[in-house]
Participant: 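Sharing a structure with you now.
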Amino acid sequence: MRVAPSPTGDPHVGTAYVALFNKAVAVRTGGQFILRIEDTDRSRYVEGAERMIFEALRWLGLDYDEGPDVGGPCAPYRQSERTALYREAAERLLATGKAYRCFCTPERLAELRAAQRRDRRPPGYDGRCRALAAAEVERLLAAGTPWTVRLAVPRTGTTRFEDGLRGPIQFENSEIDDQVLLKSDGHPTYHLANVVDDHAMRITHVIRAEEWISSTPKHVLLYEAFGWPPPVFVHLPLLRNADRSKISKRKNPVSLLWYREQGFLPEALLNFLALMGHSMPDEREIFSLEEFYAEFDPGRLKTTGPVFDLAKLQWLNGEWIRRLPPQEFVRRVLAHHGEPYARRPELVARVAPLVQPRIRTLAEWPSYADTFFRGCSDYEAALLVPKPLDAAMARQLLEQAQQIAARAEPFAAAVLEQQAREAVAKLGCKVGPAFMVLRVAITGARVSPPLFESMEVLGREETLARLQAALAKLATAEATGTGS
RNA sequence: GGCCCCGUCGUCUAGCCAGGUCCAGGACACCGGGUUUUCAUCCCGGCAACACGGGUUCGAAUCCCGUCGGGGUCACCA
């Protein structure tokens with residue numbers, strides 16, 4: 001089993017999807033899971049993209065047994081380092097007449113396509129160079145004319161293969177183009193490199209995306225031409241945008257980097273991907289990678305393209321965050337966010353339990369936690385006076401709170417809450433609005449972690465300071481008429 | 001357009017291969033309600049689908065055919 005991405009940009013969510021199922025088969029069958037870098041298109045090569053693929057796969061826990069950065073018996077695992085192999089293979093095909101040299105220029109091919117399009121005929125190479133006499137080939141070669149190698153696809157007959165998921169699939173050979181195998185720059189195309197490598201690396205199951213179905217007959221023909229037994233082909237459904245087109249950058253976040261930055265847990269992303277197109281026998285929806293491997297069954301794969309629903313991923317991520325052991329949650333927060341949190345790990349640990357049940361992604365951490373790290377002085381004074389109350393009542397509540405905070409012993413949430421409730425009752429106020437006044441004073445926002453727990457974390461001194469600041473803010477607002 | 005793949009609630013799906021136990025179950029989202037100091041959690045309830053038409057059969061979401069719909073692919077990209 002293998003996954004074979006191209007280093008042409010950010011690591012793609014589809015790569016993770018395909019890698020997941022390949023690895024699952026490898027784990028279940030005791031086979032090797034290989035990472036192969038398909039970098040045969042130097043024009044699309046992106047510096048650093050390869051390293052990001054390594055990192056993304058590791059981040060997800062989809063480690064590979066063999067690959068460019070871990071080595072293995074079939075090294076090298078970068079196609080750009082295996083060009084001799086492909087040339088040799090192409091020579092073999094040339095020698096046996098299974099392929100031929102094509103000297104057509106890109107211009108002629110473009111004109112050919114244009115003409116076919118104009119006449120509303122199916123596009124494809126017209127086979128001109130296939131009929132070239134040996135002497136003519138020699139002459140062109142001697143003249144240094146650039147050439148490619150094309151597969152000599154049989155003109156008649158049918159090529160069939162068994163898709164491990166969809167059953168028998170067949171194509172008329174007359175509909176298959178004489179695919180270019182070796183480009184004029186000496187690099188192989190996907191088709192050649194893929195088949196040669198899959199054979200060389202003893203890949204038993206080619207598990208890839210559905211978009212490859214229509215080129216599979218070319219691959220089957222290649223295996224036949226080489227006299228090699230073809231692997232089992234399994235075409236996974238394509239991940240889709242909401243409009244059901246294949247998932248794309250424009251309509252969906254597809255970069256694994258993005259998911260990491262947004263604070264999605266690898267566990268959740270993997271869990272979500274596993275849910276797309278495969279189901280657990282007991283319909284369980286939340287499960288670990290290990291559980292997935294344990295229950296994975298090719299027979300439970302689906303063939304219909306699932307729409308990638310970020311909302312469900314967010315829900316799942318929230319579930320995973322809530323299930324994290326407290327210490328682990330702290331570790332993830334620290335790993336995800338740098339300063340100012342990293343400087344105060346002990347404070348993070350105390351704040352964490354208040355935030356953990358409230359967020360769906362690690363990126364949301366600051367929205368609840370920042371009041372403990374950055375203070376809260378820049379809120380609007382009007383927030384201190386929620387709807388049914390007036391400024392006078394707000395002031396009284398804050399003053400009562402000051403007294404309670406000053407004397408509470410110990411300075412703990414339960415004590416503070418009990419005394420606050422009593423005081424509020426005496427003032428003849430409802431707890432909801434009353435606590436809202438204090439919440440704003442303490443956290444600077446109407447949405448916050450629990451009030452008294454927050455006070456406890458802040459400590460007596462800071463609590464008193466914030467209450468005092470709120471009172472001052474209220475007074476200023478009243479004086480300038482900007483309050484309510 | 002040719003070829004190929006696919007078609008159960010808005011979305012992810014169970015059920016289909018081995019027809020009845022399915023007037024189709026679960027989850028997300030959404031809408032109500034409850035718990036609650038805000039938010040979130042948690043609990044309860046609701047909305048909502050077998051694409052359509054034939055056929056086979058005592059009986060079809062499940063088998064067959066057709067139609068329609070969606071997608072993929074038609075590069076010296078992968």
Side-chain angles (χ1 to χ4, degrees), chain A residues 4-6 8 38-41 43-44 102 104-106 109-110 113 117 120-125 146-150 163 165-167 169-172 174-177 179-185 187-191 193-194 209-217 235 237-238 240 242-246 272 275-286 299-300 302-316 318 322 354-360 364 367-368 386 417 420-421 424 430-440 443 445-452:
Chain A
S6 292
T8 54
E38 310 225 320
D39 55 350
T40 56
D41 184 353
S43 67
R44 289 212 302 155
C102 174
C104 293
T105 61
L109 295 176
R113 267 193 293 273
R117 189 186 189 80
R120 299 198 327 188
R121 285 166 42 230
Y125 184 59
W147 49 274
T148 63
V149 173
R150 282 183 186 273
D163 184 285
L165 251 190
R166 301 157 203 267
I169 297 177
Q170 57 174 49
F171 291 80
E172 291 305 314
S174 58
E175 290 158 5
I176 305 173
D177 201 12
Q179 188 63 49
V180 170
L181 302 176
L182 203 62
K183 307 182 226 177
S184 56
D185 67 358
H187 283 285
T189 58
Y190 170 88
H191 309 283
N194 201 260
E210 190 182 4
E211 56 188 332
W212 293 105
I213 290 179
S214 50
S215 42
T216 301
H235 291 97
L238 240 17
R240 312 292 186 95
D243 64 5
R244 300 212 167 269
S245 55
K246 95 171 157 181
F272 179 65
L275 239 23
M276 310 264 87
H278 183 272
S279 56
M280 294 296 241
D282 58 359
E283 286 202 68
R284 177 170 18 147
E285 298 212 274
I286 302 176
R300 298 194 66 85
K302 274 208 84 171
T303 48
T304 48
V307 171
F308 193 96
D309 182 9
L310 206 51
K312 184 144 185 174
L313 206 209
Q314 279 164 338
W315 163 76
L316 239 194
R322 272 170 249 132
L354 306 185
V355 179
Q356 190 171 2
R358 302 187 150 70
I359 59 177
R360 305 172 78 116
E364 293 170 21
S367 70
Y368 280 104
E417 175 168 359
R421 283 184 186 280
V424 167
K430 283 194 163 187
V431 268
F435 284 6
M436 183 55 79
V437 175
L438 305 184
R439 176 185 318 287
V440 171
T443 70
R446 287 198 166 168
V447 173
S448 78
L451 178 56
F452 302 103

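To find a chain, count down the sequence lines: A is the first, B the second, and so on, and within it residues start at 1.
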Participant: From the options B/G1, B/C76, B/U73, select the nucleotide whose nearest atom is closest to the side chain of A/K246.
Facilitator: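 Side chain of A/K246 sits closest to B/U73.
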
Participant: Could you measure between the two P atoms, the one in B/G19 and the one in B/U62, and give it in whole Å?
Facilitator: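 Those two atoms are separated by 12 Å.
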
Participant: Please compare A/C104 and A/V431 by the position of their nearest nucleotide in RNA chain B and report the one closer to 5'.
Facilitator: A/V431

Participant: Which whole number of Å gives the distance between the C1' atom of B/A78 and that of B/G54?
Facilitator: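 Those two atoms are separated by 43 Å.
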
Participant: Check whether any side-chain N or O of A/R300 sits under 3.5 Å from a backbone N or O of A/S279 as a donor-acceptor pair, and report yes or no.
Facilitator: yes

Participant: Report the base-pairing partner of B/C47 (Watson-Crick or G-U wobble, both distances below 3.5 angstrom), or none.
Facilitator: none

Participant: Nearest to the A/S448 side chain among B/U38, B/U37, B/C74, which nucleotide is it?
Facilitator: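 Out of B/U38, B/U37, B/C74, the nucleotide with an atom closest to A/S448's side chain is B/U38.
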
Participant: Heavy atoms under 4.0 Å, any strand shown: does A/T303 hit a base, just sugar-phosphate, or nothing?
Facilitator: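 Sugar-phosphate, no base atom in range.
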
Participant: My understanding is that a pair needs two contacts under 3.5 Å, Watson-Crick or G-U wobble. By that rule, which nucleotide pairs with B/U41?
Facilitator: none

Participant: Considering only B/G71, B/C76, B/U37, which nucleotide approaches the side chain of A/P106 most closely?
Facilitator: B/C76

Participant: Reading nucleotides 8-15 of chain B from the 5' end, what letters show protein touch, with B for base, S for backbone sugar-phosphate only, - for no heavy atom under 4.0 Å?
Facilitator: B--SBSSS

Participant: Less than 3.5 Å apart, any donor N or O on the side chain of A/H235 or A/T216 sitting next to an acceptor on the other?
Facilitator: yes

Participant: Write down the atom of A/R446, the atom of A/R439, and the distance for their closest heavy-atom approach.
Facilitator: O-CD, 3.4 Å

Participant: Students often get this wrong, so: under 4.0 angstrom with heavy atoms, is A/T40 touching a base, only sugar-phosphate, or nothing?
Facilitator: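 The residue A/T40 makes sugar-phosphate contact but no base contact.
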
Participant: Using a cut-off of less than 4.0 Å, is there contact between a side-chain N or O of A/K430 and OP1 or OP2 of B/U37?
Facilitator: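 Checking B/U37 against A/K430, no side-chain N or O comes under 4.0 Å of OP1 or OP2.
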
Participant: Within the 4.0 Å heavy-atom criterion, would you say A/F171 contacts the bases, only the backbone, or no part of the nucleic acid?
Facilitator: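 Sugar-phosphate: the residue A/F171, judged by heavy atoms under 4.0 Å, touches backbone atoms but no base.
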
Participant: Check whether any side-chain nitrogen or oxygen of A/S214 sits under 4.0 Å from OP1 or OP2 of B/C5, and answer yes or no.
Facilitator: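 For B/C5, neither OP1 nor OP2 has a side-chain N or O of A/S214 closer than 4.0 Å.
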
Participant: Assign A/Q170 to base, sugar-phosphate, or nothing according to its heavy-atom contacts below 4.0 angstrom with the strands shown.
Facilitator: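 Sugar-phosphate, backbone atoms only, no base.
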
Participant: For nucleotides 40-48 of chain B, which of its nitrogen or oxygen atoms have a protein nitrogen or oxygen under 3.5 Å away, and what is each distance?
Facilitator:
unit_1 : atom_1 : unit_2 : atom_2 : d
B/A40  : O2'    : A/P357 : O      : 2.7

Participant: 5'-most contact on RNA chain B: A/A311 or A/G432, nearest heavy atom basis?
Facilitator: A/A311

Participant: Does A/R121 have a side-chain nitrogen or oxygen under 4.0 Å from the phosphate oxygens OP1 or OP2 of B/G2?
Facilitator: no

Participant: Check every atom of B/G71, B/A78, B/C5 against the side chain of A/R240 and return the nucleotide holding the closest atom.
Facilitator: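 Among the listed nucleotides, the one closest to the side chain of A/R240 is B/G71.
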
Participant: Find out whether A/I213 and A/I169 are in side-chain contact, i.e. whether some heavy atom of one side chain is under 4.5 Å from a heavy atom of the other.
Facilitator: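 SC-SC contact between A/I213 and A/I169 confirmed.
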
Participant: Which one, B/G1, B/C4, B/C6, comes nearest to the side chain of A/R166?
Facilitator: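 The answer is B/C6, which lies nearest to the side chain.
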
Participant: Looking across every strand, which nucleic acid part, if any, lies under 4.0 Å from A/P450 by heavy atom: base, sugar-phosphate, or nothing?
Facilitator: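 Base contact - A/P450 has a heavy atom under 4.0 Å of at least one base atom.
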
Participant: Between A/F272 and A/W315, does the ring centre distance come in under 6.0 Å?
Facilitator: no

Participant: How far does the C1' atom of B/G46 sit from the matching atom of B/C9, given to the nearest Å?
Facilitator: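 Per the computed distance, 14 Å lies between those C1' atoms.
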
Participant: What contact category does A/P237 fall into here, base, sugar-phosphate, or nothing, at under 4.0 angstrom with non-hydrogen atoms?
Facilitator: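 Counting heavy atoms under 4.0 Å across all strands, no contact is made by A/P237.
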
Participant: B/C3, B/C5, B/A78: which one has an atom nearest the side-chain heavy atoms of A/E175?
Facilitator: B/C3

Participant: If you define the side chain from C-beta out and look only at heavy atoms, does anything of A/R117 sit under 4.5 Å from A/R113?
Facilitator: no

Participant: Assign A/R120 to base, sugar-phosphate, or nothing according to its heavy-atom contacts below 4.0 angstrom with the strands shown.
Facilitator: nothing

Participant: Tell me what A/L451 touches on the nucleic acid: a base, only sugar-phosphate, or nothing, going by heavy atoms under 4.0 Å.
Facilitator: base

